[in-house]
Amino acid sequence: MEGQSNDIIVTSVNKKSSAVTGSARKIKDNAADWHNLMLRWQKLSDEGFSTASKIINLRLTREQQLLVGDSASSPSQQLGGAATDLQEECSKLQHVVDKMVVMVTKMERLMTSQAGVCELEEFQFGAEGRKFPLFHGWSTRQFEEVSFLLLGSYREELRLKQTVLQEIAHTTTSDLCVVYLSCWMHQPFIPHQARLTLEALLLETGHRPS
């Protein structure tokens, strides 16, 4: 990330101070990865919102020019220039969504990793799991449930953003443009509860001071 980064970086110093190994180490690393991926997703979402706003402005300006005409240039020049600008911004938005697909793929790998930890713990300690928690109070299964919840939210949000990408440049009404832009900005499938869940995960694994 550019500028000051809020990424949680797992270093040898962190490992020494936390003194965790095995399943606990893997879970703690996964928690840091969740945090970093969610930060990068938000940065991409902000970038995409800026680009989507430009697309809508270009679209509305183009429609207005077609209605009122422009004596300074011919209709073909107007349409050609606007179409080029629109295509350029749409390509930028496609690039943002492609990066979001990569983010979700990495989240799916985290989910797979966490499921693997649960399977290992079940093999070692039986269906009821270990007697004492790895950190403060969560069972190993709770970490998997959190990963499942977060992954589901981002999968659904990715589908919404893919829909906005497909429709935003072809929308014929300004009201619908505003709806698409609002959907992109507010990210309805990533509720505030998802961020609280992440904070609880970071607190449980020691990335946040208790």
Side-chain angles (χ1 to χ4, degrees), residues 1-49 99-161 183-210:
M1 294 177 66
E2 298 179 358
Q4 185 175 1
S5 173
N6 292 316
D7 285 11
I8 292 177
I9 302 174
V10 179
T11 66
S12 58
V13 175
N14 291 338
K15 290 180 180 180
K16 182 178 180 180
S17 62
S18 58
V20 292
T21 58
S23 295
R25 175 80 264 154
K26 190 63 178 176
I27 290 172
K28 188 166 186 175
D29 290 351
N30 286 349
D33 288 340
W34 269 115
H35 175 267
N36 296 336
L37 287 172
M38 288 171 71
L39 280 180
R40 290 165 189 168
W41 174 283
Q42 186 58 50
K43 183 180 178 181
L44 286 173
S45 184
D46 293 343
E47 180 183 341
F49 177 77
K99 287 183 177 180
M100 287 178 157
V101 171
V102 173
M103 292 294 100
V104 171
T105 299
K106 290 181 178 180
M107 291 175 180
E108 289 171 345
R109 290 172 185 163
L110 287 181
M111 179 68 221
T112 300
S113 173
Q114 190 58 55
V117 172
C118 285
E119 290 174 3
L120 177 61
E121 291 275 302
E122 185 173 335
F123 175 77
Q124 291 177 326
F125 303 102
E128 295 185 1
R130 61 173 66 235
K131 184 179 295 185
F132 301 104
L134 288 168
F135 297 98
H136 298 295
W138 288 18
S139 68
T140 309
R141 186 65 61 187
Q142 282 177 283
F143 291 104
E144 183 181 27
E145 291 169 355
V146 164
S147 292
F148 182 80
L149 174 66
L150 293 174
L151 176 58
S153 295
Y154 281 89
R155 274 176 172 169
E156 291 300 316
E157 188 61 34
L158 175 61
R159 292 190 187 102
L160 175 61
K161 282 177 164 48
C183 285
W184 186 288
M185 179 177 66
H186 292 293
Q187 305 196 97
F189 292 105
I190 307 176
H192 183 61
Q193 182 62 37
R195 295 172 179 83
L196 292 178
T197 299
L198 173 65
E199 287 303 314
L201 174 62
L202 296 175
L203 181 64
E204 174 67 21
T205 53
H207 289 296
R208 292 280 191 263
S210 56

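Remember, it's a predicted structure, so these values are computed and weren't measured experimentally.
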Minimum heavy-atom distance between [X] and [Y], given as atom pair plus value:
X	Y	answer
Leu150	Ala194	CD2-O, 3.6 Å
Pro191	Ser153	CD-OG, 4.3 Å
Leu203	Pro209	CD1-O, 3.5 Å

[X] side chain to [Y] backbone, donor-acceptor under 3.5 Å:
X	Y	answer
Trp41	Met100	no
Glu204	His136	yes
His35	Leu198	no
Thr105	Val101	yes

His192, NE2: over 12 other non-hydrogen atoms inside 6.0 angstrom: no
Ion pair check, Arg141 and Glu121, cut-off under 4.0 Å: no
Which residues share a side chain to side chain donor-acceptor pair (under 3.5 Å) with Glu199, sequence neighbours left out: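 Glu199: side chain to side chain donor-acceptor pair (under 3.5 Å) contacts with Arg208.
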Residue pair Ser147 / Gln114, side-chain donor-acceptor N/O under 3.5 Å: no
Partners meeting ring-ring contact (aromatic ring centres under 6.0 Å, His included) with Trp138 (sequence neighbours left out):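 Once residues adjacent in sequence are excluded, the partners of Trp138 under the ring-ring contact (aromatic ring centres under 6.0 Å, His included) criterion are Phe143.
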From Lys161, Arg155, Arg159, residue fulfilling salt bridge (Lys or Arg N to Asp or Glu O under 4.0 Å) relative to Glu157: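 The option that passes is Lys161.
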Geometric class of the Trp34/Tyr154 ring pair [parallel <30°, tilted 30-60°, perpendicular >60°]: tilted
With Ser113 via side-chain contact (heavy atoms from CB on, under 4.5 Å) - residues at least two apart: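 Residues passing side-chain contact (heavy atoms from CB on, under 4.5 Å) with Ser113: Lys26, Asn30.
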